[in-house]
Amino acid sequence: MRGRVATVPASQPSPASPGKEPRTARGKATMRRLLDAAAHEFGELGFHAASISGITRRAGTALGSFYTYFNSKEAIFSALVTDMSRSVAEAAAAAMGADSTGVDREREALSAFLRFARDHKEIYRIIDEAEFADPVSYRAHYEGTARRIAARLDAGVETGQIARGDNEVRAWAIMGANVFLGLRFGVWDDSRPVADIADVVAAILREGIAPR
């Protein structure tokens with residue numbers, strides 16, 4: 001459909017280690033608890049100080065349950081980076097109205113990200129540590145985000161809501177701004193209304209900052 005962008009694939013691979021995908025609802029719930037516990041463990045302690053025993057203790061599961069789904073601490077960290085990246089994408093996709101286009105779509109995506117960052121402050125430490133602990137997932141996170149933004153911009157060009165230009169460069173610029181906005185107004189201080197911040201950014205995208 002003209003102007004619509006599929007921002008998140010309809011189906012996603014399991015974050016479990018290869019060959020260890022859960023086959024039951026109970027197994028999926030256990031793996032979810034382990035990932036959520038890992039987010040707290042890595043977010044509070046960092047990659048090197050975090051431990052598998054700490055993750056299972058937070059999850060309220062037996063140590064053996066961990067190895068049912070993940071091969072190692074490195075494996076669950078990699079799965080967590082991918083899982084958090086996916087969650088950000090899904091939050092943005094859910095926040096964008098079916099009929100929104102152009103700058104409005106970017107405003108909605110930024111608003112969703114700011115809310116996500118406020119609810120999941122640990123994402124910044126985890127993604128930052130991935131640069132060294134799991135550089136493949138680190139790069140995939142940012143490249144995937146940039147591709148989704150570029151796709152939205154391309155759709156905006158098609159509908160005449162976005163001026164033609166280098167949407168790859170634009171996408172990385174928008175993503176970079178969003179990352180630091182999330183740090184400043186999501187992690188360091190979450191007191192300002194999300195709508196106010198998103199309005200300022202939307203005005204920049206529409207009008208620029210040069211005097212008229």
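For clarity, every value in this text was computed on a predicted model and none was experimentally measured. The figures here come from the full heavy-atom set of this structure, side chains too, leaving out hydrogens, waters and symmetry mates.
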Ion pair present between [X] and [Y], side-chain N to carboxylate O less than 4.0 angstrom?
X: Asp36; Y: Arg58; answer: no
X: Arg206; Y: Asp104; answer: yes
X: Arg86; Y: Glu90; answer: no
X: Glu207; Y: Arg212; answer: yes
X: Arg32; Y: Asp83; answer: yes

Within this structure, what is the [atom1]-[atom2] distance for the pair [X] and [Y], rounded to the nearest 0.5 Å?
X: Arg164; Y: Glu158; atom1: CZ; atom2: CD; value: 8.5 Å
X: Met96; Y: Glu106; atom1: CE; atom2: CD; value: 7.5 Å
X: Arg33; Y: Ser65; atom1: CZ; atom2: OG; value: 8.0 Å
X: Trp188; Y: Tyr124; atom1: CH2; atom2: OH; value: 10.0 Å
X: Thr82; Y: Leu35; atom1: OG1; atom2: CG; value: 10.0 Å
X: Arg184; Y: Leu114; atom1: CZ; atom2: CG; value: 11.5 Å

Do the ring planes of Phe42 and Phe77 sit parallel (below 30°), tilted (30 to 60°) or perpendicular (above 60°)?
perpendicular

Check the orientation of Tyr138 and Tyr142. Use parallel for under 30°, tilted for 30 to 60°, and perpendicular for over 60°.
perpendicular

Would you say Arg139 has more than 12 foreign heavy atoms packed within less than 6.0 Å of its CZ?
no

NZ of Lys20: more than 12 outside heavy atoms within 6.0 angstrom?
yes

Residues in ring pair (Phe, Tyr, Trp, His ring centres under 6.0 Å) contact with Phe116, at least two apart in sequence or another chain
His120

Distance-only polar pair, side chains of Ser78 and Ser137, donor-acceptor under 3.5 Å
yes

